[in-house]
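Quick notes on the structure that follows.
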There are 2 protein chains.
Amino acid sequence: MVHEQLISAAVEDYAKAIYELEVRDGRARTSALADRISVTPASASQMVKRLAELGLVSYSRYRGARLTEKGRRLALEVIRHHRLLELFLVEEFGMSWDQVHAEAEALEHVLSEQVEERIAARLGEPVVDPHGDPIPTVTLEIEECATRGLESLEPGERGVFTRVSDSEPAMLRFLAERGIAPGDRLEVVDKQPFDGPVFVRFSGAVEVLGGGLARAMRVRLDPER
Amino acid sequence: MVHEQLISAAVEDYAKAIYELEVRDGRARTSALADRISVTPASASQMVKRLAELGLVSYSRYRGARLTEKGRRLALEVIRHHRLLELFLVEEFGMSWDQVHAEAEALEHVLSEQVEERIAARLGEPVVDPHGDPIPTVTLEIEECATRGLESLEPGERGVFTRVSDSEPAMLRFLAERGIAPGDRLEVVDKQPFDGPVFVRFSGAVEVLGGGLARAMRVRLDPER
DNA sequence: TCCATAAGTTAGCTGAAACTAAATAATGTC
DNA sequence: GACATTATTTAGTTTCAGCTAACTTATGGA
Ligand SMILES: [Mn+2]
Ligand SMILES: [Mn+2]
Ligand SMILES: [Mn+2]
Ligand SMILES: [Mn+2]
């Protein structure tokens with residue numbers, strides 16, 4: 001009857017998802033969470049209660065959850081694992097950036113601190129993953145720099161394509177085929193209404209990007225002059 | 001209602017353990033299995049029944065289990081993962097041979113065929129792991145060559161130290177400290193009764209090895225002349 | 001052959017984490 | 001401010017994989 005206090009893979013995935021929703025929306029609401037984890041809202045609701053019992057989140061019924069400091073540390077630990085693994089698979093094994101997310105999703109829960117350390121050392125303590133997402137440091141510092149969804153830019157606005165959702169292989173393949181990658185400078189030249197395509201210039205060539213794709217791409221705007 | 005036929009990590013561990021017991025004893029009896037997996041005999045008994053439902057073992061009550069062809073393939077798949085991972089961690093990350101078993105025990109269930117392939121390629125399709133255990137090929141061939149426990153050799157017998165149980169870090173550290181490794185030639189020079197120590201010559205030096213250690217070490221005997 | 005002991009099985013229970021269906025709270029519109 | 005709609009929670013089940021306690025079978029001496 002040892003009340004094992006084991007943190008399961010499921011709990012880790014919830015912590016990670018809550019972290020990401022909190023960055024985006026300031027809190028994690030039940031259905032957004034359910035959506036992200038691919039589970040019914042009922043299940044997510046139950047699990048949030050469990051995370052609260054474990055001291056990982058605070059929440060009040062009907063108004064979403066927020067990570068505690070302990071929960072935040074857990075989330076960042078898992079995110080560090082995930083992003084290091086993605087980068088490792090790309091750099092060392094030459095896997096493509098649309099495959100590595102799924103691999104990392106499973107390996108992240110099973111990576112020891114020992115092996116994490118070796119991977120980080122081998123990669124030279126990297127700070128961003130293949131999708132442009134920042135990798136938390138060993139001490140779990142992270143800077144989430146402010147970005148805007150590409151779909152929200154107006155014609156004339158410029159910036160750097162910084163990161164892209166790692167969970168849609170098809171989108172990633174589409175971008176790779178056109179040679180578009182995080183770090184690229186861009187300028188929006190035109191945009192059609194009703195979630196229509198965006199016309200974007202990347203070092204010369206203008207690309208037409210559909211609404212869904214544009215929403216998955218984050219841009220760091222050039223500072224106003 | 002797709003009858004998902006998901007093979008869990010627990011089921012994989014049972015298949016692997018049954019395989020190893022079958023090699024040693026010809027079949028896997030409930031308590032040996034329970035012992036190896038560190039569960040109660042009641043639990044092992046239940047799980048053997050489940051494996052049977054999954055078509056992985058055949059068994060008759062009270063007389064142990066044997067893998068079906070399907071079960072054997074599953075076991076060898078997991079063993080391939082395990083041993084490739086151990087070797088990878090030793091070769092690429094410089095981890096010591098007493099640490100890698102625990103790491104591999106968890107990673108083995110989560111390694112995709114893709115990544116398995118890359119690891120095997122990187123290591124040059126290796127055939128033995130750091131403990132001298134054979135690695136099944138991609139097509140799951142394995143040759144389990146006949147060995148004897150070092151404790152069973154009589155003074156005067158010679159052979160090659162071939163493999164050692166990977167699950168006892170302390171023993172592995174002990175051997176490493178003395179520079180004893182799989183592949184070493186040896187000759188038993190003396191042996192004390194009652195599970196007592198064995199005196200073994202390795203390239204010059206004679207080592208005194210306790211009964212427990214000797215039992216964990218497997219030797220391929222020189223052919224009789 | 002009988003029986004004590006060891007080995008194995010069954011029954012019943014637990015906790016995780018999912019589900020469906022039903023109930024309840026929050027919200028936005030008129 | 002009432003109420004329809006949407007979001008969230010609760011209640012009740014399910015499956016997996018473990019446990020203990022009680023029971024059953026196998027086995028090896030005497
Ligand atoms: Mn995951
Ligand atoms: Mn990523
Ligand atoms: Mn395992
Ligand atoms: Mn091994």
Side-chain angles (χ1 to χ4, degrees), chain A residues 1-18 21-22 24-66 71 74 78 105-106 109-110, chain B residues 1-18 21-22 24-66 71 74 78 105-106 109-110:
Chain A
M1 203 97 313
V2 197
H3 216 328
E4 251 301 331
Q5 195 65 331
L6 216 198
I7 301 292
S8 65
V11 167
E12 290 186 351
D13 278 335
Y14 276 92
K16 191 167 56 134
I18 292 169
L21 289 171
E22 231 180 304
R24 210 189 57 188
D25 305 336
R27 62 179 165 168
R29 308 206 47 164
T30 299
S31 359
L33 193 50
D35 224 67
R36 186 163 280 245
I37 306 218
S38 295
V39 100
T40 61
S43 302
S45 189
Q46 283 296 105
M47 277 302 273
V48 165
K49 211 188 286 180
R50 285 209 56 231
L51 288 243
E53 275 159 22
L54 293 170
L56 298 170
V57 304
S58 65
Y59 82 110
S60 47
R61 276 156 74 253
Y62 292 100
R63 45 196 27 132
R66 235 174 279 266
L74 175 62
V78 178
E105 199 58 49
H109 306 290
V110 137
Chain B
M1 201 95 311
V2 196
H3 216 330
E4 248 304 330
Q5 194 65 334
L6 216 200
I7 301 293
S8 65
V11 167
E12 291 186 351
D13 278 335
Y14 276 93
K16 189 167 58 136
I18 293 168
L21 289 171
E22 231 181 302
R24 208 189 58 187
D25 305 338
R27 61 180 166 168
R29 310 207 44 164
T30 299
S31 2
L33 194 50
D35 224 68
R36 186 163 280 244
I37 306 218
S38 298
V39 298
T40 61
S43 301
S45 190
Q46 284 295 106
M47 276 302 272
V48 165
K49 211 187 287 178
R50 285 210 53 228
L51 288 244
E53 275 158 22
L54 293 170
L56 299 171
V57 305
S58 64
Y59 81 110
S60 46
R61 275 155 76 255
Y62 295 99
R63 44 196 28 131
R66 234 174 282 265
L74 176 62
V78 179
E105 199 57 49
H109 306 291
V110 136

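Computed from a predicted model, the values in this text were never measured in an experiment.
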Can you check the [X] [atom1] to [N] [atom2] distance for me, whole Å?
| X | N | atom1 | atom2 | value |
| --- | --- | --- | --- | --- |
| A:Q46 | C:dG15 | CD | C1' | 13 Å |
| A:M47 | C:dG15 | CE | C1' | 12 Å |
| A:H109 | C:dA16 | NE2 | C1' | 15 Å |
| B:D35 | C:dA6 | CG | C1' | 14 Å |
| A:I37 | C:dC19 | CD1 | P | 11 Å |
| A:L51 | C:dA16 | CG | P | 12 Å |

Quick one: does [X]'s side chain have a donor or acceptor within less than 3.5 Å of a partner on [Y]'s backbone?
| X | Y | value |
| --- | --- | --- |
| A:T40 | A:S43 | yes |
| A:S60 | A:R63 | no |
| A:R66 | A:G26 | yes |

Between B:T30 and C:dT9, is there a contact of a side-chain N or O with OP1 or OP2 at under 4.0 Å? yes
Residues in side chain to side chain donor-acceptor pair (under 3.5 Å) contact with B:R29, at least two apart in sequence or another chain: none
For B:L33 and B:A17, which heavy atoms make the closest approach, and how far apart are they? CD1-CB, 3.7 Å
Below 3.5 Å between N/O atoms, which protein atoms pair up with nucleotides 20-28 of chain C? Just atom names and distances, please.
{"unit_1": "C:dA25", "atom_1": "O4'", "unit_2": "A:Y62", "atom_2": "OH", "d": "3.4"}

Listed once per pair and sorted, the salt bridge (charged side-chain N to carboxylate O under 4.0 Å, His left out) pairs that draw on residues 8-18 of chain B, sequence neighbours left out: B:K16-B:E105, B:K16-B:E108
Residue closer to the 5' end of DNA chain C, B:K49 versus A:V11 (nearest nucleotide): B:K49
